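Working notes for the structure below.
Note that the structure is predicted; figures quoted are calculated from it, not measured. Whatever order the structure lists ligands and atoms in, that order sets their numbers, starting from 1. Scope of the values below: all heavy atoms of this structure, side chains included, with no hydrogens, waters or symmetry mates.
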Amino acid sequence: MLTGNASAATLADPSTLVIDTVGSVLTVGLNRAKKRNALNDGLMAALKDCFDDLPADIRSVVIHGIGDHFSAGLDLSELRVRDATEGLVHSQTWHRVFDKIQYCRVPVIAALKGAVIGGGLELACAAHIRVAEPSAYYALPEGSRGIFVGGGGSVRLPRLIGVARMADMMLTGRVYSATEGVVHGFSQYLSEDKTAYDKALELGNRVAQNAPLTNFAVLQALPMIAEANPQTGLLMESLMATVAQSDQEAKNRIRDFLDHKTAKVKPT
Ligand SMILES: COc1cc(/C=C/C(=O)SCCNC(=O)CCNC(=O)[C@H](O)C(C)(C)COP(=O)(O)OP(=O)(O)OC[C@H]2O[C@@H](n3cnc4c(N)ncnc43)[C@H](O)[C@@H]2OP(=O)(O)O)ccc1O
């Protein structure tokens, strides 16, 4: 992996994020509304610092956009003419930031509205759950800008919507609606009766109730198991299941259910 002067840590601009705590949920607001939350170097570095310094008592994270949009993607005013090395460093800096989100120890939920474009879409892909309100729309205008995705989109997005659909988005500039996003497996929730932020917060509180080890297994082990060959995957699953059920927290929770102390599973 290349390293270089484009180190995100030296460039953090704290004003580009509004970070708050609601109970055990950390809310992270992209705060460049005048520029439609375009992702510049200062914001990317602040995002990295935020996930590096996640407080120990935080059990989930909600990422949202301040203003009417989630994010218009890469700040095009900062896309200087780069040589190949600079370009690689820039892209790998983005990869490191979004990896911090994907491999976060707690679930990360993206609350989507308005423009979810280019790098903004790539950011949303790194979250574990995506919640959209009807105003959300998705596009990859890289084709018309003469560039390619650089924030892990070509790895993460096809796993959600398929290679052909992503290729179509990049080649034709097709814009998907919030409803289509759910139909095609990009987002898991369409929030019509409340804002995506409120719905994401509700989900953030819900996932925070789980045993931390279960959440850890879902976030860290499940994606690897799903991509492994079946034999390896089944062995990994057995190992993870054994570790989880040996934990005292699981024993307490199962005993509480058998003693009728916890809620039953009911349709919503
Ligand atoms: C190559 O290596 C990479 C690449 C990448 C990732 C790449 C990408 O993300 S490509 C996609 C870039 N984004 C766009 O092309 C979207 C451009 N924006 C728009 O289409 C519209 O602004 C809108 C998002 C639909 C909103 O429209 P509207 O509400 O009408 O607002 P505007 O008047 O257009 O904008 C207001 C203000 O914001 C500025 N702005 C908007 N988007 C951006 C942007 N992406 N970059 C910079 N500035 C933006 C706009 O210019 C206006 O500014 P004023 O000063 O005129 O007020 C990743 C990593 C790699 O290594």
Side-chain angles (χ1 to χ4, degrees), residues 1-9 11-13 15-17 29-48 63-102 110-127 130 132-158 160-161 166-178 180-181 186 196:
M1 183 170 285
L2 288 163
T3 54
N5 293 334
S7 159
L11 300 166
D13 176 358
S15 75
T16 57
L17 295 182
L30 309 175
N31 189 34
R32 299 188 72 223
K34 283 187 182 160
K35 297 291 180 186
R36 306 304 182 252
N37 296 325
L39 305 170
N40 63 359
D41 287 349
L43 188 151
M44 291 298 286
L47 207 50
K48 175 185 173 293
I63 303 182
H64 64 105
I66 308 283
D68 295 335
H69 302 276
F70 180 70
S71 171
L74 172 72
D75 187 321
L76 295 168
S77 71
E78 288 194 357
L79 191 68
R80 295 171 295 277
V81 176
R82 298 171 196 278
D83 62 23
T85 305
E86 245 195 313
L88 283 165
V89 169
H90 181 261
S91 174
Q92 291 188 335
T93 302
W94 277 53
H95 291 168
R96 277 194 288 276
V97 178
F98 291 171
D99 276 359
K100 283 188 184 294
I101 296 172
Q102 178 172 350
L112 307 175
K113 63 181 166 186
V116 185
I117 294 179
L121 184 65
E122 295 183 279
L123 166 56
C125 284
R130 283 158 289 280
E133 57 190 64
S135 68
Y137 60 96
Y138 314 112
L140 291 171
E142 279 83 345
S144 59
R145 309 276 180 248
I147 56 179
F148 190 63
V149 287
S154 58
V155 170
R156 294 191 180 99
L157 189 59
L160 298 172
I161 67 169
M166 177 173 174
D168 178 43
M169 286 177 82
M170 292 202 70
L171 293 171
T172 68
R174 179 170 177 168
V175 178
Y176 279 107
S177 67
E180 289 172 315
F186 174 70

Protein non-hydrogen atom found under 4.0 Å from [atom]:
atom                    : result
atom 30 (O) of ligand 1 : no
atom 34 (O) of ligand 1 : no
atom 21 (C) of ligand 1 : no
atom 51 (O) of ligand 1 : no
atom 56 (O) of ligand 1 : no

Are any of the N/O atoms on [X], whether in the backbone or the side chain, positioned under 3.5 angstrom from an N/O atom of ligand 1?
X    : value
L74  : yes
G118 : no
G120 : no

Where is the nearest protein heavy atom to [atom]: which residue, which atom, and how far?
atom                    : result
atom 28 (P) of ligand 1 : R36 NE, 3.5 Å
atom 15 (O) of ligand 1 : R145 NE, 2.6 Å
atom 54 (P) of ligand 1 : K35 NZ, 3.5 Å
atom 12 (C) of ligand 1 : A72 O, 3.6 Å
atom 46 (N) of ligand 1 : L76 N, 2.9 Å
atom 8 (C) of ligand 1  : E142 OE2, 3.3 Å
atom 3 (C) of ligand 1  : G150 CA, 3.8 Å

For the atom pair [atom1] ([X]) and [atom2] ([Y]), what is the distance rounded to the nearest 0.5 Å?
X    : Y    : atom1 : atom2 : value
H95  : R156 : NE2   : CZ    : 7.5 Å
C125 : R130 : SG    : CZ    : 6.0 Å
T16  : L30  : OG1   : CG    : 8.5 Å
L17  : I66  : CG    : CD1   : 9.0 Å

As an exercise, identify every atom of ligand 1 less than 4.0 angstrom from a heavy atom of [X].
X    : value
S91  : 61 (O)
G73  : 9 (O)
P141 : 11 (C), 14 (C), 15 (O)
K34  : 36 (C), 37 (C), 38 (O)
H90  : 59 (C), 60 (C), 61 (O)
G119 : 8 (C), 9 (O)
F148 : 1 (C), 4 (C)
H69  : 29 (O)

Exercise. Hey, are R36 and D68 close enough for a salt bridge, meaning a charged N less than 4.0 Å from a carboxylate O?
Worked result: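 No salt bridge links R36 with D68.
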Problem set entry | Residues D99, K48: salt bridge by 4.0 Å N-O rule |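 Judged by the 4.0 Å cut-off on N to carboxylate O distance, D99 and K48 do not form a salt bridge.
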Exercise. Is it true that a side-chain atom of E122 and a backbone atom of G152 form a donor plus acceptor pair closer than 3.5 Å?
Worked result: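 Yes, the answer is positive, given that a donor and an acceptor are paired below the 3.5 Å cut-off.
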Exercise. For the side chain of S71 and the backbone of N37, is there at least one donor-acceptor N/O pair under 3.5 Å apart?
Worked result: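 Yes, S71 side chain to N37 backbone: donor-acceptor pair under 3.5 Å.
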Problem set entry | Whether Y137 lies under 4.0 Å from ligand 1, heavy atom |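 Yes.
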For this session: Tell me whether the centres of the aromatic rings in Y137 and Y176 are closer together than 6.0 Å.
Result: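 So the answer is no for these two rings.
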Exercise. Relative to the ring of W94, is the ring of F98 parallel (under 30°), tilted (30 to 60°) or perpendicular (over 60°)?
Worked result: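 Correct class here is perpendicular.
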Problem set entry | Test side-chain contact (heavy atoms from CB on, under 4.5 Å) applied to M166 and L171, L121, L140, the passing residue |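 Testing each of L171, L121, L140 against M166, the sole residue satisfying side-chain contact (heavy atoms from CB on, under 4.5 Å) is L140.
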